[in-house]
Amino acid sequence: QNPDAKPEAGEGASGSPFMWGPTGMDDEEELDGMCAAQAIRVLQQKRDKPLFLAVGQHATHLPFAAPDRYFDLYPPETIELPEPIPTPGMKVSADQRSLTPETWRQVIAAQYACLSFVDAQVGKVLDALQRTGRADNTIVVFWSDHGFSLGEHYLWRKGPLYDESARVALIVRAPGVTKPGSVCKRPVES
């Protein structure tokens, strides 16, 4: 966790606190774990009518916090830092100015930990979909609201239209319609 994190006036200081670290909790104690568990409970209920289920996850947003075991997957010393290429006239973000190379690696590792935590929660819901016999007649759409810059271009967070913050996952599985492993090469918009 960044003990020195304080909101800083000026460019790059708005939004959620720029903090990170393991929570010491289990998956089921985290909000995203609770959302996945609720989705599983709903999937296990008998229904005669079609069901629409939206399951949101938050852990990949700041502050980067997830159960310890996901942080254990990404030792910060193994993280390669991006090679930011400054653009003439570009300002280095306030978040970037607060980091040393060591803390920069910690933040990237924390974001990876949060991604793995969310991936595990999505996996639990998809496993429940399979176990309940609903997988063959259920359309699954997975997408992200935005990407996230991790110091590339000396920027953090979402916003600038570089690939890191503009490109997002959009995955559709529609039984009998989509072919496993197929990829759309055209731009799409969510």
Side-chain angles (χ1 to χ4, degrees), residues 1-7 12 15-44 53-84 93 95-96 98-132 135 140-152 155-159 162-173 190:
Q1 187 168 346
N2 181 3
D4 301 321
K6 294 180 182 73
S16 299
F18 194 65
M19 297 177 72
W20 62 92
T23 63
M25 297 193 296
D26 292 327
D27 288 21
E28 300 77 22
E29 297 174 290
E30 299 283 354
L31 180 60
D32 289 343
M34 291 180 214
C35 288
Q38 177 63 18
I40 292 166
R41 284 190 290 275
V42 170
L43 286 171
Q44 291 170 339
L53 184 61
V55 183
Q57 300 283 282
H58 187 269
T60 57
H61 293 77
L62 284 168
F64 294 146
D68 300 40
R69 68 189 184 110
Y70 298 100
F71 278 78
D72 295 342
L73 298 172
Y74 303 99
E77 63 275 6
T78 65
I79 302 295
E80 288 189 38
L81 295 178
E83 293 282 340
S93 74
D95 297 323
Q96 183 71 33
S98 72
L99 299 175
T100 65
E102 179 184 343
T103 55
W104 191 355
R105 285 183 179 87
Q106 291 173 11
V107 180
I108 293 173
Q111 214 269 343
Y112 292 173
C114 290
L115 286 168
S116 292
F117 170 58
V118 166
D119 184 60
Q121 304 321 297
V122 171
K124 290 174 187 178
V125 174
L126 293 176
D127 287 346
L129 188 66
Q130 191 71 42
R131 279 193 315 275
T132 59
V140 175
V141 179
F142 177 91
W143 80 96
S144 176
D145 57 345
H146 57 79
F148 202 92
S149 295
L150 295 171
E152 305 88 356
L155 298 171
W156 288 84
R157 305 177 187 255
K158 61 183 180 182
Y162 291 107
D163 282 353
E164 295 84 9
S165 61
R167 294 182 72 188
V168 298
L170 176 59
I171 302 167
V172 179
R173 178 190 170 274
S190 59

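Throughout, residue positions are numbered sequentially from 1 according to the sequence presented.
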State, to 0.1 Å, how close [X] and [Y] come at their nearest heavy-atom pair, and which atoms those are.
| X | Y | value |
| --- | --- | --- |
| Gly56 | Cys35 | O-CB, 3.9 Å |
| Val168 | Gly147 | CG1-N, 3.5 Å |
| Ser16 | Pro63 | CB-N, 4.5 Å |
| Gln44 | Arg131 | NE2-NH2, 4.4 Å |
| Trp20 | Leu99 | CH2-CD2, 4.0 Å |
| Asp26 | Pro67 | C-CG, 4.0 Å |

Can you tell me how far the [atom1] atom of [X] sits from the [atom2] atom of [Y], to the nearest 0.5 Å?
| X | Y | atom1 | atom2 | answer |
| --- | --- | --- | --- | --- |
| Gln111 | Ser116 | CD | OG | 9.5 Å |
| Glu152 | Leu150 | CD | CG | 5.0 Å |
| Asp127 | Ile40 | CG | CD1 | 8.0 Å |
| Lys124 | Asp32 | NZ | CG | 10.5 Å |
| His58 | Asp145 | NE2 | CG | 8.5 Å |
| Arg157 | Ser165 | CZ | OG | 13.0 Å |

Please walk me through it: do His61 and His146 pass side-chain contact (heavy atoms from CB on, under 4.5 Å)?
CA-CA 10 Å; His61 293 77; His146 57 79; 3.2 Å; yes
Quickly, which of Phe148, Tyr112, Phe18, Tyr70 forms a ring pair (Phe, Tyr, Trp, His ring centres under 6.0 Å) with Phe64? Name it, please.
Phe148
Taking the side chain from [X] and the backbone from [Y], do they hold a donor-acceptor pair closer than 3.5 Å?
| X | Y | answer |
| --- | --- | --- |
| Arg105 | Ile79 | yes |
| Thr103 | Gln106 | no |
| Arg41 | Ala36 | no |

Is the shortest side-chain heavy-atom distance between Trp104 and Trp156 below 4.5 Å?
yes
Indicate yes or no: at least one non-hydrogen side-chain atom of Pro82 is less than 4.5 angstrom from one of Ile108.
yes
Indicate whether the side chain of Glu30 and that of Thr23 have a donor and an acceptor atom separated by less than 3.5 Å.
yes
Please indicate whether Glu80 has more than 12 foreign heavy atoms, meaning atoms of other residues, nucleotides or ligands, lying under 6.0 Å from its CD.
no
Applying side-chain contact (heavy atoms from CB on, under 4.5 Å) to Leu53 and Leu43, what does each step give before you reach the verdict?
CA-CA 9 Å; Leu53 184 61; Leu43 286 171; 4.0 Å; yes
Pair Trp143-Ile171, side-chain contact (heavy atoms from CB on, under 4.5 Å): steps then yes or no:
CA-CA 6 Å; Trp143 80 96; Ile171 302 167; over 6 Å; no
Salt-bridge criterion met for Glu164 and Lys158 (N-O under 4.0 Å):
no
Charged N to carboxylate O below 4.0 Å: is that the case for Arg69 and Asp27?
yes
